[in-house]
Structures are given as C-alpha cells and as structure tokens.
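Source: prediction; values computed, not measured. Both counts, for ligands and for their atoms, begin at 1 and track the order of listing.
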Amino acid sequence: MRLLLVEDDPRLRAQLRAGLGEAGYAVDEADNGVDAQHLGQTETYDAVVLDLGLPRLDGLSVLERWRAAGRTMPVLILTARDGWHEKVAGIDAGADDYLVKPFHMEELLARLRALIRRAQGLASPLLRSGTLALDTRSGRVTVDGQAVPLTAHEFRLLAYLMHRPGQVVSRTELTEHLYAQDFDRDSNTIEVFVGRLRRKLPPETIETVRGLGYRLGALP
Ligand code: CA
C-alpha cells in the first residue's frame, strides 16, 4: 500500500514517515498544499494523511480540488485541538476521517487500516484466502495457522492482493501501489517479488492471468 503524507511541520512529518514506513507502507511526502495537490492528482495512493494548516494552499482547498477532479482515495485529515469547525468543513469537503493533534501513532495506523479496508468493501481486519490469512492489525501472515515470514516488499504485495480478492491486478497497478515515488521502479521487480512470494505460499495462491496480471483466489 502506498500513502501520501502531507504535513508542513518537519518534526511531525519525520515521525509519521518513520511510523508509516515501519507499518509497511510506501510513503510519498509533501510539505505544502501546492505539491500535495499535484501529487494527489497525478499519483496513485491507497490513502492520504492530510494536515489542514499548510503553506501555499490550505489542506481544505487541496481536498476540495481533489474531489472536484474525481479523485476518490480515502483521506484522513489532521486538525488542531480546538478546531471542531475544521472537522465539519473537512468532512463536508470529502474527508473520510480525522484525527485531532496530538494523537498516538497507533490510532493513526488503526484508522488508516480501516479506511483502506473499507475502500475495498472489507469489514474484517483479518483477511483470508483458503488456508492463507493476513491479520492487518499485527501484519502477521499465516498458512494453516503457521507463521509465514515475509520481507517488507513481499508483505506489501500480498496485502495489496488480499485487499482485492478475486480481482485481476495488473503489474502497472502493483508498481504504482507498492513503491514510493522516489523508488527506482522496474516492472520486472514485480515479477521477482511475485516469484518469491509464491514459493512461501500454498501452490496456486497467486494465479497469473496471461497478459493481464495476477489474481488471488476469492475469499471463501
Ligand atoms: Ca500545519
């Protein structure tokens, strides 16, 4: 999963970047509204963390422009402690959730997991496909109850597929959702990761759909 983090306070941004990275997300960053608006309009994100008080263009305007342009990614806004009116304006502008500063990293992560799940119509935090299970809360992957150790990249790939059971996902889509903007992308690396992941999972868990991409079996 790939996130856009928009926050102008360098210390908070660094903290959030570290926490989101540890949680397994690929993270792009912006420290002002103009860059944020451009990234959200041209890149693909599974969710956005958007501070409202931003230089150059305020967060509310950024959000309104994304929604006016038809961008539908889940957006969680960060508001000031006494900014109840900001929450109302933010939600009315198309935000999906909010957090009041200061907040705990764990709460941000839980809210993001829920937004990403809900965006795919999934209610349960435990994702299953046959004997394969991925607990989005702990990041634990099991087959028949036995833990499967995965690298960060393998986990990100599997999590993306498990959020889309039964759907064909193209290599291009995977590339867009697994890597941050500054990562040296090479579509061949997706095939390498799929190959490695397959060796750790039950046979035929990840199906190749010729010419189109990959598909994980539908949830039972
Ligand atoms: Ca700010």
Chemist: Tell me, yes or no, whether the heavy-atom count around Arg140 atom CZ, taken from other residues, nucleotides or ligands under 6.0 Å, exceeds 12.
Modeler: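 Not buried by this count: 12 neighbours or fewer within 6.0 Å.
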Chemist: Thinking salt bridges, do Asp96 and Arg67 make one under a 4.0 Å N-O criterion?
Modeler: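 Salt bridge between Asp96 and Arg67, a charged N being under 4.0 Å from a carboxylate O: yes.
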Chemist: Check Val48, Val49, Asp31 against Leu5 for a side-chain contact (heavy atoms from CB on, under 4.5 Å) and give me the one that passes.
Modeler: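 Per the side-chain contact (heavy atoms from CB on, under 4.5 Å) rule, the option paired with Leu5 is Val49, out of Val48, Val49, Asp31.
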Chemist: Within 45° of the six-membered ring axis of Tyr160 and under 6.0 Å from that ring's centre, is NZ or CZ of Arg156 located there?
Modeler: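 Geometry flag: not set, cation outside 6.0 Å or 45°.
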Chemist: What distance separates Leu109 CG from Tyr25 OH, expressed to the nearest 0.5 Å?
Modeler: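 OH of Tyr25 is found 6.5 Å from CG of Leu109.
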Chemist: Going by chain and residue number, what protein N/O/S atoms come nearer than 3.0 Å to the Ca ion (ligand 1)?
Modeler: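 Listed by chain and number, the atoms are Asp8 OD1, Asp51 OD2, Gly53 O.
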Chemist: Leu4 and Leu54: same hydrophobic cluster, using ILVMFWY side-chain contacts below 4.5 Å?
Modeler: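 Looking at the clustering, Leu54 is in the same group as Leu4.
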